[in-house]
Amino acid sequence: MVLKNKAVQLWARRLHIYISMALLLVVLFFAITGITLNRPHLFVSQAPNIVEQQLVIPSELLKSEKGQFAPNRSALIAYLAKHGDVSGTPSAIDIFTDVDGDELLEGEISLDYKGPGYNATVFIDMTTAQATIESTHYGVIAVLNDLHKGRNSGEVWRWFIDITALLMVMFVLTGVCLLIPKKKTFRTSLKWMGLGSVISLLIYIVAVP
């Protein structure tokens with residue numbers, strides 16, 4: 001049998017060891033945050049930290065080649081990132097204007113920022129160039145929980161979760177591969193696997209609403 005081949009067993013052992021060590025802290029992170037996600041009332045702060053700040057936006061950022069009352073999005077985002085104490089991923093910009101000829105009677109720009117355990121809303125009065133930024137921080141546990149779920153964490157972190165999951169699968173499969181030549185241990189392991197699977201299924205059938 002191919003899986004019993006010495007070379008296959010050697011590489012399976014190496015991969016099993018190296019993957020387990022590479023993922024040691026990552027697996028602990030996902031295990032611990034699994035508990036904090038499952039019991040949010042024990043860990044998540046019920047009183048988020050809300051900070052409000054005022055900021056004057058340069059008038060040239062509130063217009064662009066698209067129009068006198070169409071903001072330069074990239075320049076506005078860069079200015080907010082530098083001077084506005086915001087983080088996370090910015091949303092699309094919503095614009096409301098009430099114009100009489102060339103005169104702006106009323107205008108507002110709004111956008112959101114979202115990150116792990118964090119969000120912020122930005123409102124800009126286009127007539128005064130005054131921005132109001134309200135940032136909400138939900139605490140360290142909320143940050144860790146969002147990282148566990150990949151929520152508002154960016155594309156790179158989502159890829160990190162996918163790759164970590166694939167490595168966990170390889171860790172399990174190489175463990176099975178190492179057990180196959182050990183007939184007695186393998187048979188015992190299959191019994192434990194069957195028992196664990198049956199218990200999990202029974203809990204789902206009996207206890208899950």
Side-chain angles (χ1 to χ4, degrees), residues 1-46 48-49 77 81 86-92 112-120 136-209:
M1 187 177 181
V2 176
L3 295 180
K4 294 182 180 180
N5 183 278
K6 287 185 178 180
V8 173
Q9 286 289 306
L10 176 62
W11 277 104
R13 183 173 289 104
R14 286 177 176 174
L15 287 173
H16 191 74
I17 293 171
Y18 296 149
I19 290 174
S20 68
M21 293 309 297
L23 295 182
L24 177 62
L25 295 180
V26 177
V27 171
L28 283 174
F29 164 76
F30 282 107
I32 292 170
T33 51
I35 297 173
T36 59
L37 276 169
N38 195 46
R39 304 287 180 180
H41 58 285
L42 296 178
F43 300 100
V44 177
S45 171
Q46 298 300 313
N49 182 30
I77 295 296
V86 292
S87 59
T89 303
S91 68
D112 297 322
Y113 284 81
K114 292 186 182 296
Y118 168 88
N119 65 60
T136 305
H137 301 264
Y138 294 93
V140 175
I141 298 299
V143 173
L144 298 178
N145 287 348
D146 280 353
L147 288 174
H148 181 109
K149 296 183 288 186
R151 183 182 180 218
N152 300 323
S153 304
E155 190 62 29
V156 173
W157 184 262
R158 282 193 287 270
W159 273 105
F160 174 76
I161 292 176
D162 291 341
I163 293 170
T164 298
L166 290 174
L167 289 174
M168 288 180 183
V169 171
M170 289 182 63
F171 171 74
V172 171
L173 293 179
T174 52
V176 173
C177 181
L178 290 172
L179 281 173
I180 287 176
K182 305 171 183 179
K183 293 183 179 180
K184 184 176 180 181
T185 305
F186 183 60
R187 285 195 296 268
T188 304
S189 300
L190 286 177
K191 292 176 182 177
W192 279 106
M193 183 192 73
L195 178 62
S197 301
V198 169
I199 291 174
S200 301
L201 183 60
L202 286 175
I203 291 174
Y204 172 73
I205 293 172
V206 175
V208 176

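Note that these values count all heavy atoms, side chains included, but never hydrogens, waters or copies made by symmetry. The structure displayed is predicted, hence computed values, not measured ones.
Counting only distance, with no hydrogens or angles, the side chain of Gln9 and the backbone of Cys177 share a donor-acceptor pair below 3.5 Å. Side-chain N or O atoms of Ser153 include one that pairs as donor or acceptor with a backbone N or O of Arg151 at under 3.5 Å.
For residues 172-190, the set of pairs meeting the salt bridge (charged side-chain N to carboxylate O under 4.0 Å, His left out) definition, not counting sequence neighbours, is empty. Applying the side chain to side chain donor-acceptor pair (under 3.5 Å) test to residues at least two apart or on different chains, the pairs with a partner in residues 156-172 are Glu155-Arg158, Glu155-Trp159. Residue pairs satisfying the ring-ring contact (aromatic ring centres under 6.0 Å, His included) criterion with at least one member in residues 176-209, sequence neighbours excluded, are absent.
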Test log, rule side chain to side chain contact (heavy atoms under 4.5 Å, CB included), inputs Asn49 and Tyr138: CA-CA 6 Å; Asn49 182 30; Tyr138 294 93; over 6 Å; no
Determine whether Val26 and Phe160 satisfy the following criterion, side chain to side chain contact (heavy atoms under 4.5 Å, CB included), listing intermediate values before the conclusion. CA-CA 10 Å; Val26 177; Phe160 174 76; 4.0 Å; yes
Evaluate the criterion side chain to side chain contact (heavy atoms under 4.5 Å, CB included) for residue pair Ile35 and Phe43; output intermediate values, then yes/no. CA-CA 9 Å; Ile35 297 173; Phe43 300 100; 4.2 Å; yes
Side chain to side chain contact (heavy atoms under 4.5 Å, CB included) between Leu37 and Phe30, intermediate numbers included: CA-CA 10 Å; Leu37 276 169; Phe30 282 107; over 6 Å; no
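Within the model, atoms CD1 of Ile161 and CG of Leu166 stand 12.0 Å from one another, a figure rounded to the nearest 0.5 Å. Distance check: Ile180 CD1 to Thr185 OG1 gives 12.5 Å after rounding to the nearest 0.5 Å. Note that CG of Leu147 and OG1 of Thr33 are 8.5 Å apart. Values are rounded to the nearest 0.5 Å. Separating the OG1 atom in Thr136 from the CG atom in Asn119 is a distance of 4.5 Å, to the nearest 0.5 Å. Taken from CG in Leu10 to CG in Leu15, the straight-line distance is 9.5 Å, to the nearest 0.5 Å. To the nearest 0.5 Å, atom CG of residue Leu167 and atom OG1 of residue Thr174 are 10.0 Å apart.
Nearest heavy atom pair, residue Pro90 against residue Tyr113, reads CB-CE2, 3.6 Å. The minimum heavy-atom distance linking Ser189 with Leu179 is given by the pair OG-CD1, 3.6 Å. Across every non-hydrogen atom of Ala120 and Val86, the tightest pair is CB-CG1, 4.5 Å.
Not counting sequence neighbours, the partners of Leu201 by the side chain to side chain contact (heavy atoms under 4.5 Å, CB included) test are Ile205. Every side chain to side chain contact (heavy atoms under 4.5 Å, CB included) that Phe171 has, sequence neighbours left out, goes to His16, Ile19, Ser20. Evaluation of the side chain to side chain contact (heavy atoms under 4.5 Å, CB included) rule for Trp11 yields Arg14 as partners, not counting sequence neighbours.
For the residue pair Thr36 and Asn145, a side-chain donor N or O sits within less than 3.5 Å of a side-chain acceptor on the partner.
Considering Ile163, Leu173, Val27 as possible partners of Met168, the one that fulfils the side-chain contact (heavy atoms from CB on, under 4.5 Å) test is Val27.
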